[in-house]
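Here is the structure we will look at.
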Protein chains: 2
Amino acid sequence: MRATSQTVGGEIRTPRERARAQTIADIIRLGRQHLAEHGAAALSLRAVARDLGVVSSAVYRYVGSRDELLTLLLVDAYNDLGDTVDAAVGSVPAEESRGRFAALARAVRGWALREPARYGLLFGSPVPGYQAPAERTTAPGTRVVNSLVEILNAAHRAGRLAERGPSSLPVPLAADLEAIRRELNVEVPDALLARGTLVWTSLFGAVSFEVFGQYGAGTFSAPDELFEHHIAVLADLAGL
Amino acid sequence: MRATSQTVGGEIRTPRERARAQTIADIIRLGRQHLAEHGAAALSLRAVARDLGVVSSAVYRYVGSRDELLTLLLVDAYNDLGDTVDAAVGSVPAEESRGRFAALARAVRGWALREPARYGLLFGSPVPGYQAPAERTTAPGTRVVNSLVEILNAAHRAGRLAERGPSSLPVPLAADLEAIRRELNVEVPDALLARGTLVWTSLFGAVSFEVFGQYGAGTFSAPDELFEHHIAVLADLAGL
DNA sequence: CAAAGTCAAGAGCAGTGCTCTCAATTGTTG
DNA sequence: CAACAATTGAGAGCACTGCTCTTGACTTTG
């Protein structure tokens, strides 16, 4: 098989390529539907083919394998979440770091509750036998955490990030944090960066518990208020 | 592992029941192996039957359906985790609440890293089409959080739980917390109970990120130190 | 000893991912 | 415009899945 759609930079030239791109887009759209309705592990290429009005083998002309479709949907979901978060964060003035953080958190939770199956694909147990190709998923997969780090860094630059925690951390951990600081080009000190990591994972922990139904059924009748409480505490924790 | 068969009180009388209970135990053991190796969604009754040296339909004499086997494994895993946590917490003197909390957290993480697939079954995305029967899973499923609440309550009783947070919370949230307090028979005040909830979900958020590989590959070369840091911050957060 | 209860095996149904071949359509090019 | 080649869809087929049903054999019990 040659250049599976030889558009070098993304432009579509020949009508064949147009049709091909359109078919792939349709497959992703239908796959997204199936994913949302039946979950990741139940995603079936044959079912997508049926909805597309085509025999199953024909779909293999476009996606190659079920895993590749999963990758497509993974990237699609990461970007959808990323767009949602970016929009929410962007709607709050850059100086209001705490507000930006709250917007980020609410956006993540809102998206997760709206799209539980896709959220599960991104942050739930890995699909058995499937390994996401790093070169295609890392970039979209780091958008949220990048946004969070950006908020922390902006607050730090403005001198509005409270100092928290011990001034020095265990050497190996400090080394990891230094690498992160270099990679993301930020200047947040160790203690706050470590706390930021905890805030990050805590946010997704709280959301996951709610989305995956880990709270006992009916334990929290006011999940919104609980989450707002968590946002406030986590913002404090981060130093915002 | 107790009498998973239909012996009313748990006692096994006839040799038939003995054999039956033994077979079910074998099925659970093999199921646990498959679960650990291939993950929850890939758990196959036929494969278990093969390992048992028996044709697939024969297994249905004992478990009824794939979902029931999943429930059996779910309860099995919850209890395994619960036992691990109880043992770890119990090895620290009752007065050392902070130490008990640290032991609980380390036990959860250790078990999760040792048994990633089983952890995924418990705390990952729900298996599509499978709904855990509450009457059989709630009791074993709440052991860890019960242990955590117990630690908080003991510290509170001893007057060693620092006061944190606002004195009053939104009404609906306060009502939920009151219900929890009644249900679990504890006396921890609202603000600390709410924070305890956050600490609880945060713990599993941190563990899930590590187990599910959400940190970029190679981002943290010192995950132990990172987790110890998290423990310390979360213990502070809880008021321990 | 015979009836009742239990069990494993096998066939079969509907579904899955995936591969291969073959014919037809379609776009490009001489 | 016609011939060629690339692309596509259909269909058959393989090995697998969960699950059901029937059949024959076995074990326990009355």
Side-chain angles (χ1 to χ4, degrees), chain A residues 1-7 11-27 30-31 33-35 37-73 127-131, chain B residues 3-8 12-27 30-31 33-35 37-73 127-131:
Chain A
M1 189 167 305
R2 273 234 291 76
T4 319
S5 91
Q6 66 265 57
T7 54
E11 334 114 79
I12 295 163
R13 261 165 253 175
T14 74
R16 234 180 199 150
E17 281 173 359
R18 289 181 66 90
R20 189 180 178 81
Q22 183 55 52
T23 304
I24 293 185
D26 286 349
I27 290 175
L30 291 171
Q33 271 179 29
H34 278 94
L35 185 66
E37 285 167 24
H38 312 296
L43 177 68
S44 150
L45 257 181
R46 281 184 125 108
V48 171
R50 261 194 303 277
D51 281 18
L52 197 64
V54 112
V55 96
S56 77
S57 59
V59 178
Y60 282 83
R61 288 266 124 99
Y62 299 94
V63 283
S65 75
R66 199 196 88 118
D67 283 8
E68 193 184 316
L69 177 57
L70 223 48
T71 301
L72 255 30
L73 294 172
V127 181
Y130 171 72
Q131 179 71 303
Chain B
T4 323
S5 79
Q6 71 261 53
T7 53
V8 193
I12 294 165
R13 260 165 255 179
T14 75
R16 224 174 210 157
E17 280 173 357
R18 287 182 68 89
R20 188 180 178 79
Q22 183 56 52
T23 305
I24 293 186
D26 285 350
I27 291 175
L30 291 171
Q33 271 179 30
H34 278 94
L35 186 65
E37 285 166 24
H38 311 297
L43 177 67
S44 150
L45 258 182
R46 282 184 125 109
V48 171
R50 261 194 303 276
D51 281 17
L52 197 63
V54 111
V55 95
S56 79
S57 60
V59 179
Y60 282 84
R61 297 265 137 170
Y62 299 94
V63 283
S65 75
R66 200 195 88 119
D67 283 8
E68 194 184 316
L69 178 56
L70 223 49
T71 300
L72 256 30
L73 294 171
V127 180
Y130 171 73
Q131 178 71 302

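Computed from heavy atoms alone, side chains included, the values below leave out hydrogens, waters and symmetry copies. Numbers restart at 1 for each chain; the letters A, B, ... are given by sequence-line order, proteins then strands.
- If you measure from atom CD of A:Gln22 to atom P of D:dT7, you get 19 Å, rounded to the nearest angstrom.
- The side-chain hydrogen bond (donor to acceptor under 3.5 Å, both in side chains) analysis of residues 51-73 of chain B, with sequence neighbours excluded, yields the pairs B:Thr71-B:Tyr130.
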I would like to know whether A:Ile24 and A:Val63 meet side-chain contact (heavy atoms from CB on, under 4.5 Å); could you show each step before the answer? CA-CA 8 Å; A:Ile24 293 185; A:Val63 283; 5.5 Å; no
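- Rounded to whole Å, the distance from CD on A:Glu68 to C1' on C:dC18 is 14 Å.
- Whole-Å rounding puts the A:Arg20 CZ to C:dT26 C1' distance at 14 Å.
- For the contact set between residues 51-61 of chain B and DNA chain C, defined by any heavy atom under 4.0 Å, the members are B:Val54, B:Val55, B:Ser57, B:Ala58, B:Arg61.
- Atom pair B:Asp26:CG and C:dA8:C1' shows a separation of 16 Å (rounding to whole Å applied).
- With sequence neighbours excluded, the residues that form a side-chain hydrogen bond (donor to acceptor under 3.5 Å, both in side chains) with A:Gln22 are A:Asp26.
- Between the OH atom of B:Tyr130 and the P atom of D:dG18 there is a distance of 15 Å, rounded to whole Å.
- Residue A:Ala40 comes nearest to A:Leu35 through the heavy atom pair CA-CD1, 3.3 Å, listed as atom of the first residue, atom of the second, then distance.
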Please tabulate the protein-to-nucleotide N/O contacts below 3.5 Å involving nucleotides 25-30 of chain D, giving atom names and distances.
residue: D:dT27; atom: O2; partner: B:Arg16; partner atom: NH2; Å: 3.3

What's the verdict on side-chain contact (heavy atoms from CB on, under 4.5 Å) for A:Leu73 and A:Leu43, showing C-alpha distance, side-chain angles and the deciding distance? CA-CA 11 Å; A:Leu73 294 172; A:Leu43 177 68; 3.6 Å; yes
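- Taking atom CZ of A:Arg50 as the reference point, atom C1' of C:dG15 lies 8 Å away to the nearest angstrom.
- For the atom pair CG (A:Leu45) and NE2 (A:His34), the distance works out to 10.5 Å, reported to the nearest 0.5 Å.
- Contact check, B:Tyr62 against C:dT6: no side-chain N or O comes under 4.0 Å of OP1 or OP2.
- Protein atom CD of B:Glu17 is 10 Å distant from nucleotide atom P of C:dC7, rounded to whole Å.
- Considering every non-hydrogen atom in both B:Gly31 and B:Val48, the closest pair reads CA-CG2, 4.1 Å.
- The nearest whole Å value for the distance from the CZ atom in B:Arg66 to the P atom in D:dC16 is 18 Å.
- Less than 4.0 Å separates DNA chain D from at least one heavy atom of each of the following residues of residues 40-48 of chain A: A:Arg46.
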